Each structure stands twice: as C-alpha cells, then as structure tokens.
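Source: prediction; values computed, not measured. Here is how names work: the chains are called A, B, and so on, in the same order as the sequence lines, proteins then strands, and each is numbered from 1.
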Amino acid sequence: MKKIILTTFILLVLMSVVVTGAMAQQQGGTLVFGRGGDSVGLDPIQVTDGESFKVTQQIYDTLVDYTPGTTEVEPALATDWEVSDDGLTWTFHLREGVQFHDGTPFNAEAVKFNFDRWRLEDNPYHIGGEFTYYSYMFQGFPGIIQEVNVVDDYTIEFVLSEKQAPFLNNLAMVPFGIASPTAVKKYGEDYFKHPVGTGAYVLDEWRQGDRVILKANENYWRERAYLDEIVFRSIPDNSARFMELQSGTIDMMDGVSPEDVESVNSNDQLQLSLRPSMNVGYFAMNFNFEPFDNVKVRKAFNYAIDKQAIIDAFYAGLAEPAKNPMPPSIWGYNDDIEAYDYNPEKAKELLTEAGYEDGFEFDLWYLPVPRPYIPQGKFIAQAIQSYLSDIGVTANLVTYDWSTYLDKTEHQEAPTYMLGWTGDNGDPDNFLYVLLDKTNSNNAYVSEELHDILVEAQKTMDHEKRVELYNQAQEIIHEDAPWVPLVHSTPPIALKSNVKNYIPNPTGTEKLHRVWLEN
Amino acid sequence: MINYIIKRLLALIPILIGVAVIVFLIVHLIPGDPAQTMLGERATDAALARLREQMGLNDPLYIQFWRYIKDLLRGDMGRSIMSNNPVITELQARFPATLELSFFAIIFAVGVGVPAGIFASINQNSWFDNLSMVIALMGVSMPIFWLGLMFIWLFAVQLGWFPPSSRLGVGIDFTPITNLYVVDSIIQLNFTALVDILHHLVLPAIALGTIPMAIIARMTRSSMLEVLRKDYIRTAFAKGLQRKVVIFKHALKNALVPIITVVGLQFGVLLGGAVMTETIFSWPGLGKYLVDAIYARDFPVVQGGILFFATVFVLVNLIVDLSYALVDPRIQYE
C-alpha cells in the first residue's frame, strides 16, 4: 500500500512537472549556435562532415528518425513499414499532406527520385560530388538496394539483394534526408547551395565562411518549431567562441575546451550538456608484428594503462573508460564484461609468462590531428608511453600527416597505433563488423568465430537474437584483446541557461525544432 | 609612364607561370592525398580508388599539369575538392573580407605609426622616443593570437565596448553585394548596418594593424632621423623657417620613399590573409580558408589561391613603385 501511494505521488509530481513545463514553452526568438567551422555543403548526401549535417538535419527529414537522445528508430516521413519474411522487401507507408519548402508535394515518386539519384551512377542528377554515405552504408552503387518501386502515391517498396539488419537505422541517418526533386533538377550541380527539404527550418541565407541563417517552416508537418530563427555562426577558435558565449553574442556552442568546462559549471548564466557517447578511442596492436601476436602481451598492455587517469587529465573527466569496442549508448552493449583494471603488477606477470620479463621496444603511432574520441593524440601517447615504461616496455612515438597515417594504418603498416571511430547509424554492426571483422581490421586480427557471428547478426532480423549475438561477439573480442579500448568521449556542449529542451543525440546532430528560449 | 606600366604588367606573365609551376609541384609532391583526407576513417580501398579517379589523381603528374594549365589559360581554376564550389566563387566570396580588414588595419598602422615615428625622431632620445620604440618593439614581437584573445576578453567580455568577433551582428538587416560590407552598406544607405560593421572592424583591425604599425613607426623614425641630419635641413632651419614647415615639407617629404615601400609591402602581406587574426575574430577571409585547404589537400583551391595572391602582391608592388614618382619628382619612369 505504501508503495502504491509513493508511486502515485511520484507520478503526480512528474505529471505536474511535464504540464508546467509544457505551459512554460515560449514561441519565438533567435538561437545563435557557435561552432568551429562552416558547413561544406547543404546537400546531405554529398557531404561527410558534422558541420554540414548539423544544418541539413534542420532542413530535411528522413523516412525514419532517431528518437531524441537515443539511437532507437521512430516514424518520420514514413508512418509505418513492414518487411517480408525473407527480409529482402521493405514496404514503407508515407505520410500524406507533406510539402517540400518549395511547394512540391512529398510522395512516393519524390522518394524514388531521391533513391535513384543516390544509387544509380548514370542518373542525370548523380552529379556534383561523391555520394559517400550512400556507397558506404549500402555497399557501393547501386549497392544492395536493387529496386525502388512506387506502389501507389504513398507507398514505396525497396527490394534488397541481400538482408541488411541495420537497414532501418541506416535510413534514419542525416545523409538520407529527402530532397525536393524540383529543386534538385532546377539547381543541378549547385544544389548544395540551395537546399530544399520538408524540415522544420528553411534556408534563409548562407554567407559562406561566416553564417547560415534558417527560418522556421510555417507549414511544417509536425508542430511548428518554437524558434523563429536559428543562426549557425562559424567561430573557429575555441577560446574566442567561449568568450562569445560569455559575452552573450551566441546562445550555445560545441567544441568546449576541457579547460573551460569548470568555468561553465561555475557560471549560473551557463549550463553544460553532455552528448551521449557514440564513439570509441582505442590503442590497437598489430598481430603481424612480434610480440603482439601473443595474447598475453596484449592483455598485459590492457592491464598496464590507467584509463581513468587519462580521462581526468585530457578529457576534463568528460569521457567514460572503455571496456568494449562499442559505446554503452548503443543497444547490444555487453555490460557483463569485466574490464581489465589498471594493474601494473598483473601486467608484468603476464609479460613474464609470455617470455618478455626484460621488456622490449616497439613503435607507437599517435594521431597527428585532434579527433572527437582522442583530442590530444600526442599527450595521450606520452601517457601510454610512461605507463608502458612502468612495466619495462619501451615505446617510441611515431606519427605522420593525417592522410598518410590513415593510409598506412589501413594497410596494416603500424605495429601499434591509436585511432578511433564515431558511429554512423547507432547499430552494433557499425562498430564491431566495421572495426574488428577479419575483412576490415587494420591490425591483422583474424577470428573466424567472430566473423561467423558478425555475419550471422547482419542477416538476422530478430532483435533479441541480434543482441545475443553481439553480446557473444564482445566476449570473444574481450578474450582476444586485439585492442586496448581507451575511452568513449562525451563531447560537452555549453548553453546559456535560458536555452530549454535541448537534447543532444548520440549520433552527433539533432533536430532543434523543440528547443525554446526563456525570456 | 604608360610604357612602364605595360612593361611591368607584361612581366607579370612569366612570374605567374613560374608561380603556377612551383605551386603545382609543391602541392602535388608533399605527402598527403585529398581522397584519403576527405574520406577519413571511412576510407575503403574501393571508395578511394573511385574518388581518386573522379578527381583525376590517377593520371601521371605531367597530364594533370597539362590539364591544369589548359584550364587556367581559359580562366578556369577548377572546383574545390571539399565543397565542389568553383574556386573563383570561393575567392570572390572571401577576398573582399580580407581586403576590407587589411585596409582598415593599414589605415590604423599608418595613422598611428607615421605620427609616432615623426614625433619620436624630432624628439630623439626623449622619454616619448624611448617609450614609443619600446612599444614598437613589443608590437613587432607580439603573438597576434594572444593579443587578439586579450582584446576580446578585455573590450568585449569585460567592458562590452565592442562585439567579440565576426563582421556583422546577428539580426541586422543587410544583404551583401560585393562582400565589401562597408562599401555595400554605404551603397544601400543602410547606416544601421554601416555603424555595426565599423564597430565590428575596430578590434580585428587594431589587432592586425599592430605589427605593421610598429614596423612603420620604426621605419619612419629611422628614415626621418637620416633626413634630419642632412645639410639642407640645417640650412632650412638657419633660414629661419618655421619648425613645422621644415619637418613636414622638407624632411618628411624626403623621408617618405622608404616609408611608402614598407607600407606597400605590409599591405601586400596583409592581403594574403591573416590566418591568426581571421581565426581569432571569426573573420571569413582568405587566410584561414587557404590554410584549411592546405590541410585538406584541396589542390585546386591552394593553387588558385596562391596564384591569386601572387597577382595581388605584384600589383600592389607596382602601385607602390608608381607612387614614388608622386612624392619625389626626381623619380621618373621610362
């Protein structure tokens, strides 16, 4: 009885919070978003950079969308869908009465136009750049989407050449925003400067290198956005951007430097929001180089490095130590795995067992550029170097320019290296298969058992079954220890305290139509 | 005079060809692959091969060079690898921002540097002379990113006198035409925008102008000192001429040639874009853009940008050379 009363009470309190919250929402105003660089282009299928997606996310809608703050998929331009028993035919029912910003009606023909443009290299509108994310997620051109059929005005059917379990998650990605066929035809190669979608915001003006100005779409198919206007300003220097926030000329910013986090927390005019991690930064050991073919050596390295200390020193504490190759924000994360704790004694024992009690010397490659998962490659490498010297191993630090670094690591030329990954679609496959399957691994890690599981999971449509398979996969990886998984960073976003209802999404960008400003 | 100008303009052609060759070779020979940079962690061998083919990077270097020169002669600098925008459009969008900022920076530098140099020279070894030369020395050695950040912190965050960065405030109604905002706002008689634009120009112009100001002040001082020791200055004073007349008419005019040279050179350098100032003050100019292009190995942009910069530099030098004749009638061009 007591429990019921308590539960009722809590529910009532929660409801009142929700109700008053809803009443307090205010319409109008301009939100100024400060960021590190300008968008490369506003045609989402042709770009790969986060600064472009941040804007196109507001202008376009996708067939399905991520539920705010998660990587779960929910209806958007498609209201519901079904998949055939063989997993090859997907049928989507489209929302009726939706219009693009230019008045073009949204329907199955428009969806087909977009998919044909993306997947067919001889399509007259497959021009203007690389359709990188299409070929990446759907395996080339035309890739696994064999046919796109208009069933009726508001029903569209996709026929796949092979089963793809993450198909829905892929469709929710920002690059697959549906564009107005009229506008694509009209602007041709210059479409990237004249984006037209169905989204909550319409492009008003783009002053390249400086700012992008968006205005609310009065005919949005969801509720009209609270904000009248969003201005994305490019402010390249982190410190200068933070000073803009302090002086009030911008309302929110990303790319907060770790050293500024403390000043955000101590300033009651500002608030800090952490983006749930969808990345991993890791230190990989190449099986082609002795002694890293020895699992004891690899495990010794896992015990030798104090991840929490690295996080405190180089991430201002804004990251979680990693024990798996994928972050906990993604379903299928195996939380039962027991992390290798920081234990130099144990590491030394393992090295002795492996026959390296006198240590050895090797090259450690570190990232030449800051990445979200490893912001300060050199410093972190130096920390790892010193942890390893504690167990008697000598690491020589090596680096190259970024493109050479990527090229050489990809061709398995690095004995050990730091690298990382930011997820695309929120599916475990996008981490485990992409990074550690024998067909993809950059460190010559080959496990047939793992390969079989990962391939099976790609073809399995049953969600529970997939969770189970990925749990197994993470166990195998943990035992084989091909990497030292280092961190999952949670990038900080600083906002003025009157910016309400901002929910950062793990995927890196989010729609801002539910954000509002308190006067 | 006209002949001289034509000759100088013709001399521009071999210079530009030389620059084109050197820039092409440098950007193609330094390690780094634009396709790899563009695809980042997502690069697969198949995607890389496709992208390289599309960019024409699989052809032998001499074929790429031939294609580049052929397009260049038709006035086509190609399209940016990153954005797919024509390089010429990118330069047109960004150069005006750099030009405007450089112009106001050089106005500040000359406006402060020349009077300070003159005053220091006529009061040689006075406290003002020593102080201004110490300040000038500091100005020359000041790291601009530090100076810029301090300006923003003090004048924007703490005192709130000036906006922290960018060219124009949010919410001001203004449509750029030439991208020279000051000019555009005057043409449109949009004085609200004009005031805001000038307000935004103050901090970056001073930050960018500080080093040239210091250099100009030191050059003015030494050039003036040299002239002031000449016999005809002593004679002018002996004739009983007013001090003001001697200094400005007799001395300054003769000291002006090296000062103009320095001002011209500094202006030319500024027009290449000020990477640090543009970064700190979020100024959408050429400098920051070119550096980003170099990191991305955006070959067409780097080639086009440097070629453009070389042209501007040569033209500025030509104007400086011609202006000598204006201040010193003894100089004539055949």
Is any side-chain heavy atom of [Y] closer than 4.5 Å to one of [X]?
{"X": "D210(A)", "Y": "W283(B)", "result": "no"}
{"X": "Q36(B)", "Y": "T404(A)", "result": "no"}
{"X": "D237(A)", "Y": "L149(B)", "result": "yes"}
{"X": "V157(B)", "Y": "E244(A)", "result": "no"}

At a 4.5 Å cut-off on heavy atoms, which part of [X] comes close to chain B: side chain, backbone, both, or neither?
{"X": "Q208(A)", "answer": "both"}
{"X": "V40(A)", "answer": "both"}
{"X": "R241(A)", "answer": "neither"}
{"X": "S234(A)", "answer": "backbone"}
{"X": "Y405(A)", "answer": "neither"}
{"X": "E121(A)", "answer": "side chain"}
{"X": "D49(A)", "answer": "neither"}
{"X": "F242(A)", "answer": "neither"}
{"X": "E189(A)", "answer": "both"}

Revision key, fill the gap. One option among N85(B), I280(B), D33(B) has the most heavy-atom pairs under 4.5 Å with chain A, and it is N85(B)
Point to revise | Residues of residues 159-172 of chain B within contact distance of chain A, non-hydrogen under 4.5 Å | key: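 Within residues 159-172 of chain B, the residues that come under 4.5 Å of chain A (heavy atoms only) are P164(B), S165(B), S166(B), L168(B), G169(B), V170(B).
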**Study point:** chain A contact residues among residues 174-210 of chain B, heavy-atom distance under 4.5 Å
**Key:** F174(B), P176(B), Y181(B)
Point to revise | Backbone N/O of P236(A) and side chain of T279(B): donor-acceptor pair under 3.5 Å | key: no
For the student: nearest non-hydrogen atoms of [X] and [Y], plus distance:
{"X": "F192(A)", "Y": "N84(B)", "result": "CE2-O, 4.1 Å"}
{"X": "A240(A)", "Y": "I152(B)", "result": "CB-CD1, 4.2 Å"}
{"X": "S247(A)", "Y": "A156(B)", "result": "CB-O, 4.0 Å"}

Point to revise | Test log, rule side-chain contact (heavy atoms from CB on, under 4.5 Å), inputs W153(B) and Q246(A) | key: CA-CA 10 Å; W153(B) 178 79; Q246(A) 287 172 307; 5.7 Å; no
Exercise for review: Name the region of Q158(B), side chain, backbone, both or neither, that has any atom closer than 4.5 Å to a heavy atom of chain A.
Suggested key: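 For Q158(B), no heavy atom lies under 4.5 Å from chain A.
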More than 12 heavy atoms from other groups under 6.0 Å of [atom1] on [X]:
{"X": "M82(B)", "atom1": "CE", "answer": "no"}
{"X": "M252(A)", "atom1": "CE", "answer": "yes"}
{"X": "M138(B)", "atom1": "CE", "answer": "no"}

[atom1]/[X] to [atom2]/[Y] distance, rounded to the nearest 0.5 angstrom?
{"X": "D38(A)", "Y": "S282(B)", "atom1": "CG", "atom2": "OG", "answer": "11.5 Å"}
{"X": "S239(A)", "Y": "F145(B)", "atom1": "OG", "atom2": "CZ", "answer": "10.0 Å"}
{"X": "R297(B)", "Y": "D401(A)", "atom1": "CZ", "atom2": "CG", "answer": "5.0 Å"}

